[in-house]
Amino acid sequence: MGAPGEAKDFFNFYQSILGLSNKAKNIIIKKFAKTLKNDPSYFSTSKFAREIETDCLIIHDKYDKDTSPEYSISLNKNWKNSQLILTEGLGHKLKSEELEKKVIAFISN
């Protein structure tokens, strides 16, 4: 529910929220890469999904203000055994009895 974005996007998000300079952001990115031994671009949910064969239900609201639905759409395109449900009006919390029934049906199959 609400697929995570690309790691590289989090740096831009936090730079904006915290008012960081480009220099500060770049220092953080270098520390991240050194600690995890990979650049942020390596950490891509959609890229990793290409190797997964397990069935998956991806749910995202079209108008989610916290996380772009584009991440879920991309994840769905790259995860061969995934099903995408795009809701309207449920926001980031995705609270809905109808949606709960769909999740239970997916898990039950």
A.B. asks: Hey, are the side chains of Glu6 and Ser46 touching, using non-hydrogen atoms and a 4.5 Å cut-off?
C.D. replies: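 In contact.
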A.B. asks: Quick check: do Ile28 and Tyr14 have side-chain heavy atoms less than 4.5 Å from each other?
C.D. replies: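 No; the side chains remain at least 4.5 Å from each other.
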A.B. asks: Donor-acceptor pair, distance only, cut-off 3.5 Å: does the side chain of Asp61 make one with the backbone of Gly89?
C.D. replies: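 Checked: pair present.
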A.B. asks: Under a 4.5 Å side-chain heavy-atom rule over Ile, Leu, Val, Met, Phe, Trp and Tyr, are Leu84 and Tyr63 clustered together?
C.D. replies: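 No: no chain of side-chain contacts under 4.5 Å links Leu84 to Tyr63.
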A.B. asks: To the nearest 0.5 Å, what is the distance between CG on Asn12 and CG on Asn22?
C.D. replies: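 With rounding to 0.5 Å, CG (Asn12) is 9.0 Å from CG (Asn22).
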A.B. asks: Any chain of hydrophobic side-chain contacts (each under 4.5 Å) joining Ile27 to Leu20?
C.D. replies: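 Unlinked, Ile27 and Leu20 end up in two clusters.
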A.B. asks: Do Glu97 and Lys101 sit within salt-bridge range, that is, some charged N less than 4.0 Å from a carboxylate O?
C.D. replies: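 Salt bridge between Glu97 and Lys101, a charged N being under 4.0 Å from a carboxylate O: no.
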A.B. asks: Using only atom types and a distance under 3.5 Å, with no angle test, would you say the side chain of Asn76 pairs donor to acceptor with the backbone of Ser72?
C.D. replies: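 No; judged by distance alone, with no hydrogens or angles, the pair does not exist.
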A.B. asks: Ignoring hydrogens, what is the shortest heavy-atom contact between Phe11 and Lys25? Give both atom names and the distance.
C.D. replies: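 Between these two residues, the closest heavy atoms are O-CD, 3.8 Å.
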A.B. asks: Nearest 0.5 Å, please: how far is NZ in Lys102 from OG1 in Thr87?
C.D. replies: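 If we round to the nearest 0.5 Å, Thr87:OG1 and Lys102:NZ are 9.0 Å apart.
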A.B. asks: If you group Ile, Leu, Val, Met, Phe, Trp and Tyr by side-chain heavy-atom gaps below 4.5 Å, do Leu99 and Ile107 land in one group?
C.D. replies: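 Yes, it is one cluster - the side chains of Leu99 and Ile107 are joined through contacts under 4.5 Å.
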A.B. asks: Decide side chain to side chain contact (heavy atoms under 4.5 Å, CB included) for Ile73 and Leu86; before the verdict, give the C-alpha distance in whole Å, the side-chain angles of both, and the deciding distance to 0.1 Å.
C.D. replies: CA-CA 9 Å; Ile73 293 167; Leu86 288 174; 4.2 Å; yes
A.B. asks: Quick check against the 3.5 Å criterion: does His60 have a side-chain atom that pairs as donor or acceptor with the backbone of Tyr71?
C.D. replies: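 Flag not set: sc His60 to bb Tyr71 has no pair under 3.5 Å.
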A.B. asks: For the hydrophobic clusters of this structure (ILVMFWY residues joined by side-chain heavy atoms under 4.5 Å, transitively), does one cluster hold both Ile29 and Leu18?
C.D. replies: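 Hydrophobic grouping puts Ile29 with Leu18.
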A.B. asks: Between Phe43 and Phe32, does a ring-ring contact (aromatic ring centres under 6.0 Å, His included) hold up when you go through it step by step?
C.D. replies: CA-CA 11 Å; Phe43 297 96; Phe32 176 95; 5.6 Å; yes
A.B. asks: Of the non-hydrogen atoms in Asp64 and His92, which two are nearest, and what is the gap between them?
C.D. replies: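 For Asp64 and His92, the tightest heavy-atom pair comes out as OD2-ND1, 2.8 Å.
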A.B. asks: Could you check whether any side-chain heavy atom of Ser82 comes within less than 4.5 Å of a side-chain heavy atom of Leu75, counting everything from C-beta outward?
C.D. replies: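 SC-SC contact between Ser82 and Leu75 ruled out.
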A.B. asks: Quick test of your reading: applying side chain to side chain donor-acceptor pair (under 3.5 Å), list the pairs with at least one residue in residues 31-40, sequence neighbours left out, ordered by first then second residue.
C.D. replies: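 Applying side chain to side chain donor-acceptor pair (under 3.5 Å) to every pair that reaches into residues 31-40, excluding sequence neighbours, yields nothing.
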A.B. asks: Below 3.5 Å, can you tabulate the donor-acceptor pairs from side chains in residues 47-58 to any protein atom, sequence neighbours excluded?
C.D. replies:
from  : atom 1 : to    : atom 2 : distance (Å)
Lys47 : NZ     : Tyr42 : O      : 3.1
Arg50 : NE     : Asn78 : OD1    : 2.9

